[in-house]
J.: 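Here you go, one structure.
Each chain gets a letter, A, B and so on, in the order the sequences are listed, and its residues count up from 1.
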Amino acid sequence: MNRTLIKDLTHHLDEQVTIQGWLQTLRDQKNMQFLIVRDRTGLVQVTHWKKGNPGLAELISGVGTESALTLTGKVVKNDVVKLGGIEIQLEDLKVESAAEIPLPFEPFGEYLPEQDFRMDWRYLDLRREVNQLIFEVQTTAEQAMREYWLEHNFIEIHSPKIVGAPSESGAELFTLPYFEKTAYLAQSPQFYKQMAMAAGFENVFEIGPVFRADPSFTSRHMTEFTGVDMEMSWIDSHEDVMAFMERWLAYTYEKVAGKHGEAIKETLGVELEVPSVPFPRIKMADAHKLLKEIGYKLPPDKLHDLDPGAERAIGSYFKEKEGHDYVFVTDWPFEARPFYHMVDPADRTTRSFDLLGKGLEVSTGAQREHRYAVLRDQALAKGLTEEPIQDYLNFFKYGTPPHGGFGFGLSRFLMILLDLPNIREAVYIFRGPTRLTP
RNA sequence: GGGGGCGUGGUGUAGUGGUUUAACAUGCGGCCCUGUCAAGGCCGAGAUCGCGGGUUCAAAUCCCGUCGCUCCCGCCA
């Protein structure tokens, strides 16, 4: 099979070609049949003069839209044709796989079913151009991230997703029967990437699944998502992590904008702007002052934290003030952070940050506490006991460099990048508290 | 887990107490017309209005319960 892609048809004028794709529209007339055929690269009109081949005409009449076809014919220039000014004069057609009639919904209709229904028929939903673009962008973004890491001597790791002990709070863990024991699905690669620091890998990254048993019903939570994690050694503070991260992210934007900028603008109406480096930074204490100034009232139980409304307020403040989509909120109080974040002796804040993108929390990072005794004491201060985290604490017994890193949500990043209103549009298959299929 | 909203043919909507044999669009089936191109025209099938109970002479419409979906909050990426 010598398949020609639809986007390349203009290079084959007056030649016989074979194309493969889906029937998007059939206009079945008295004398002529017009088939609009789609592959990943575009659309083309295929014409058939019925009297030339009545048998073929009959076959075509019975083909449902979205059937998978192989078509052979001659490419001709025809200015009358509104779709690209070319058409294929059909000679042969093979129905590789007929689509049942009717379809559950029309992926290319003038309106879309509600999201939950589209999720039921995700493979049809994904046929839409915008969805193909989203995952092309994701592919390019991940490649750019890897490129940047590899240029900076990072090692890729794949940490286990079946774990024997909680890696952080112990909440939000899925349990799993494991022979005679109970295991858990990893809620984070946190401990394992720190283990790589103890192992002398110096710089590591991992892109992999993360599981959270939190029954969260929002447009930005999933029970399984792809975590983008990295950890780097020999840092002085969280500032080193942020400085790396913003360049890494700007590099990713450059690559995505270069490859898909036009398509993104055309299909999604979003003008990609590569964020300038450095990103704005604001310390948590100052963020609280800022919120007071701009009149955002935090609930009383949020004295050491931010709520989503505050994050959106801070995001739009920096967008307006500095024209920046991203802002680091740094130096969080220990009360709002996990035990392994390093506490700065100067002001008792942690050397940590959240990265907000368009007001959405997309990443959390920190310098980690690498001193065994201090780490143990911080765990105890959080009410943890040593026993379940002893394996983790042991990482810091035999020479572990100062280090830090971040976790970053891949789908949340796509939401921010492409202005998607719901994380379910930014992930291949959504997993939520009540969504286990397809 | 707490709170709000929604649930009407396959799909998207209209209808918020009686004039509704539930309307419109799209899709589906049939016929007609035509090198069509967001094709057009005519006809047709398709919903006991999520489910259960109640109020009323009368319920898609009001009330209660329940289920489903959804958004917000909590929590986080």
J.: With A/F279 as reference, evaluate A/Y326, A/Y253, A/F318 under the ring pair (Phe, Tyr, Trp, His ring centres under 6.0 Å) test and give the passing residue.
T.: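 For A/F279, the ring pair (Phe, Tyr, Trp, His ring centres under 6.0 Å) test succeeds with only one of A/Y326, A/Y253, A/F318, which is A/Y326.
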
J.: Checking ring pair (Phe, Tyr, Trp, His ring centres under 6.0 Å) against A/W248, which of A/F154, A/F406, A/F205 comes through?
T.: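 In the set A/F154, A/F406, A/F205, the residue that makes a ring pair (Phe, Tyr, Trp, His ring centres under 6.0 Å) with A/W248 is A/F406.
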
J.: So what does A/N422 touch, heavy atoms closer than 4.0 Å: a base, only the sugar-phosphate, or nothing?
T.: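 Sugar-phosphate contact only.
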
J.: With no angle test and no hydrogens, is the base of B/U36 tied to the side chain of A/Q45 by a donor-acceptor pair under 3.5 Å?
T.: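 Answer is yes: a donor-acceptor pair is held.
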
J.: Contact class for A/L112 (heavy atom, under 4.0 Å): base, sugar-phosphate, or nothing?
T.: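 Sugar-phosphate, backbone atoms only, no base.
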
J.: Partners of A/R337 by salt bridge (Lys or Arg N to Asp or Glu O under 4.0 Å), sequence neighbours excluded?
T.: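 Residues passing salt bridge (Lys or Arg N to Asp or Glu O under 4.0 Å) with A/R337: A/D354.
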
J.: Validate the cation-pi geometry between A/K382 and A/F334: distance from NZ or CZ to the six-membered ring centre under 6.0 Å, angle to the ring axis within 45°.
T.: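 Yes, A/K382 sits over the ring of A/F334.
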
J.: Going by ring centres under 5.5 Å and near-parallel planes (under 30°), is A/F34 stacked on B/G35?
T.: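 It does not: the two rings, one from A/F34 and one from B/G35, miss the stacking criterion.
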
J.: Over all strands shown, is A/E311 touching base, sugar-phosphate only, or nothing at heavy-atom distances under 4.0 angstrom?
T.: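 Base contact.
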
J.: Quick one: do A/E335 and A/R348 make a salt bridge, cutoff under 4.0 Å?
T.: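 Looking at A/R348 together with A/E335, the answer is no, because their closest N to O distance does not fall below 4.0 Å.
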
J.: Which part of the nucleic acid, if any, lies within reach of A/V210 when heavy atoms closer than 4.0 Å are counted: base, sugar-phosphate only, or nothing?
T.: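 The answer is nothing, as A/V210 stays clear of every strand by at least 4.0 Å.
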
J.: Taking atom types as they are modelled, would you say the side chain of A/S216 forms a donor-acceptor pair with the base of B/G74 within the 3.5 Å cutoff?
T.: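 Between B/G74 and A/S216, which were checked side chain against base, a qualifying N/O pair under 3.5 Å is present.
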
J.: Return no unless some side-chain N or O of A/R424 is found under 4.0 Å from OP1 or OP2 of B/U70.
T.: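 For A/R424, the contact criterion (side-chain N or O under 4.0 Å from OP1 or OP2 of B/U70) is met.
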
J.: The side chain of A/S219 is closest to which nucleotide in this list: B/C71, B/A77, B/U70?
T.: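 Looking only at side-chain atoms, A/S219 lies closest to B/C71.
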
J.: Classify A/P113 by what it touches in the nucleic acid, base, sugar-phosphate, or nothing, heavy-atom distance under 4.0 Å.
T.: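 Touches sugar-phosphate only.
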
J.: Would you say the side chain of A/E87 and the base of B/G35 hold a donor-acceptor pair, judged only by whether the two atoms sit under 3.5 Å apart?
T.: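 Under the 3.5 Å cut-off, the side chain and the base do form a donor-acceptor pair.
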
J.: What about A/Y148 and A/F244, are their ring centers closer than 6.0 Å?
T.: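 Ring-ring flag for A/Y148/A/F244: true, centres closer than 6.0 Å.
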
J.: Kindly indicate whether the side chain of A/R220 and the base of B/C71 share any N or O donor-acceptor pair separated by less than 3.5 Å?
T.: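 Flag unset: no donor-acceptor pair detected.
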
J.: Examine A/Y184 together with A/F174 and report whether their ring centres are nearer than 6.0 Å.
T.: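 No: the rings miss the under 6.0 Å criterion.
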
J.: Salt bridge or not for A/E66 and A/R127, using N-O below 4.0 Å?
T.: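 Yes, charged N to carboxylate O under 4.0 Å.
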
J.: Counting the atoms with a prime plus P, OP1 and OP2 as sugar-phosphate, which does A/V362 contact under 4.0 Å by heavy atoms, base, sugar-phosphate, or nothing?
T.: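 It contacts sugar-phosphate atoms only.
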
J.: Under 4.0 Å, counting only non-hydrogen atoms across every strand here, what does A/N31 touch: a base, just sugar-phosphate, or nothing?
T.: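 Sugar-phosphate, no base atom in range.
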
J.: Would you write out the dot-bracket form of RNA chain B, 5' to 3', with Watson-Crick and G-U pairs under 3.5 Å, [ ] for crossing pairs, | for pairs to other strands and . for unpaired bases?
T.: ((((((((.[[[[.)..(....]]]].(((((.......))))).....[[[[[..)....]]]]])))))))....

J.: When all nucleic acid strands are considered with a 4.0 Å heavy-atom cut-off, which category describes A/F117: base, sugar-phosphate, or nothing?
T.: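 Here A/F117 touches the backbone only, sparing every base.
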
J.: Looking across every strand, which nucleic acid part, if any, lies under 4.0 Å from A/R118 by heavy atom: base, sugar-phosphate, or nothing?
T.: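 Contact class for A/R118: none.
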
J.: Looking across every strand, which nucleic acid part, if any, lies under 4.0 Å from A/T65 by heavy atom: base, sugar-phosphate, or nothing?
T.: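 Nothing, no nucleic acid heavy atom in range.
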
J.: Check every strand shown and say whether A/F225 touches a base, only sugar-phosphate, or nothing at a heavy-atom separation below 4.0 Å.
T.: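 Base, at least one base heavy atom under 4.0 Å.
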
J.: Tell me whether A/R368 forms a cation-pi arrangement with A/Y340, defined as NZ or CZ under 6.0 Å from the six-membered ring centre and within 45 degrees of its axis.
T.: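 The answer is no, since A/R368 fails at least one limit relative to A/Y340.
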
J.: For a quick check, tell me whether the side chain of A/Y111 and the base of B/U13 share a donor-acceptor pair closer than 3.5 Å.
T.: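 There is none.
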
J.: By a strict heavy-atom criterion of less than 4.0 Å, which residues belonging to residues 273-296 of chain A are in contact with RNA chain B?
T.: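 Output list: empty, so none.
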
